[in-house]
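Okay, structure first, notes after.
Note that this is a predicted model, so its numbers are computed, not measured. Per chain, numbering begins at 1; letters A, B, ... match sequence-line order.
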Amino acid sequence: MSGLIGLFDARPEGLFVPGIGAWIDPPAPAARAVLSHAHADHAAAGHGEVWATPETLAIYRLRNPDWTGSARALAYGERVAGDGASLELLPSGHILGAAQVRVEGPEGSALYTGDFRRAPSRTAVPAAAPRADALVTETTFGLPVFRFPPRREMEARLVEWCRETIEQGAVPVVLAYALGKSQEAALALTEAGIPTVLHGAAWKLLPVYDAAGFSFPLSRPYDSGPATPGEALIVPPNCARTPVVRNVRKRRTAYLSGWAMREASRAENDADGLLPFSDHADFDELMAHVEAVAPRRVFTHHGYARDFARILSGRGIEAAALSEGGERAAEDA
Amino acid sequence: MTGTGPGHPYRSLAEALEGAASTRGKLTKIERLAAPLASLEGSELAAATRLLSGNPYAEWEQAVTSVGWATLARAAAAVTGWDLETIGASARAIGDLGEAIGLLVPAEPAGPPLSIADVDAGLRSLSGSRKAAEKQA
């Protein structure tokens, strides 16, 4: 679907804000990009100029060390005036530094959620829900089968599972994405007194978390040596069948993701345990966000875009899908 | 279908199957499947064994449920309140219609729990029914 969504121009190349002259989360290098957060599926390499929160910029630089573009750091709520429109970043609750993008002009307002989550987490500022005339929302988990247990309950299950595994003389291996869930899991386990060994992809981001006030006193990098009895190993899911995990002779593996709602993810990730632990809004949170923002029109993208738009339409809310959807969109889910 | 009262709960078989699925060890799988059978006897034991094997009927019966995806999806729509398109999309997302239905229905269903005998009787009534509407109900 192309055309104007209030102040956003949905083009085949992505979402453009004409009044600001910037693309939002463009998948290809752009002259000016506003990044909602630093996950790779939203923060492509090679932009000329990047606008984002300070934390997102810091992570972007760590993940793109060869990047030579210019950066503009925007604090939450800091307004930037353009040609007939203003833009501000607001918390999205997804990961450290993640933001929603709100644009306002004489014709109204529009809110782009990026990836978001309404319930509190340890490291992300909870999502804001400002009123907007048009809402562009992610729908990674836009089906009613995706209703997650409360985060605190999942953390308690993670801690219990690790303790049981350690008591059995095995190493708990936690499969969690390097940016976001790895740090959330490490903090939960630290609070429970369980030391962690972090994969390098997660470890190298800790300075950004440290600068934001989060400390990991019981964590060490995998480079310093493999996990020893009593420690939990936290690695990205794509390490499940690599020597990093396979060389842990006595282990039990848990998969942390919203996709852990699917029993099939057990075999897909060679996991013993499944914990639906996500940095995304589940179905109920997606619906609640639509209700809170109260837009006149909703546009859905990522994940189950068509299905969620259809469900909204069935409830009398004007909605349409920007993307085909229907697939598992985000690796970081 | 709701429970009728006495008899060992079908839930014990469902939990045994989930427990077996969640472990890698063959001996542990055997233990988990055997556990609910240990307290059963007679026709209830026979029914439970068949249900755990995945075939609700004895081989000599040569019976089938003749319940296909469409009938099951319509029954799920009636129970969950979701439309067929959402049921189908959910099944594809989860990778299994049964698992998707389990995620869509309320955690604690109304009425007394189903016993093994209830489930056995229900499946037998399906094989004896020819009409899709009867099967769906």
Relative to chain B, which segment of A:A267 carries a heavy atom at a distance below 4.5 Å: side chain, backbone, both, or neither?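 It is neither, since no heavy atom gets under 4.5 Å.
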Measure distances from A:F308 to the heavy atoms of chain B and classify the residue's part below 4.5 Å as side chain, backbone, both or neither.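 Nothing of A:F308, per the 4.5 Å heavy-atom cut-off to chain B.
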Would a distance-only check, ignoring hydrogens and angles, find a side-chain to backbone donor-acceptor pair under 3.5 Å from B:E99 to A:E263?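 Judged by distance alone, yes, a pair lies under 3.5 Å.
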Ignoring hydrogens and geometry, is there a side-chain-to-backbone donor-acceptor pair from A:R262 to B:G95 under 3.5 Å?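 Answer holds: no.
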So, do [X] and [Y] sit near enough that their side-chain heavy atoms are less than 4.5 Å apart?
X      : Y      : result
A:R310 : B:D83  : yes
A:M261 : B:L103 : yes
A:I311 : B:W82  : yes

Chain A contact residues among residues 85-92 of chain B, heavy-atom distance under 4.5 Å: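 The stretch touches chain A at B:E85, B:T86, B:A89, B:S90.
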Other residues, nucleotides, ligands: >12 heavy atoms within 6.0 Å of [X] [atom1]:
X      : atom1 : result
A:E164 : CD    : yes
A:Q168 : CD    : yes
A:R296 : CZ    : no

Partner chain A: residue of B:I94, B:I101, B:L104 with the largest heavy-atom pair count (under 4.5 Å):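 The answer is B:I94.
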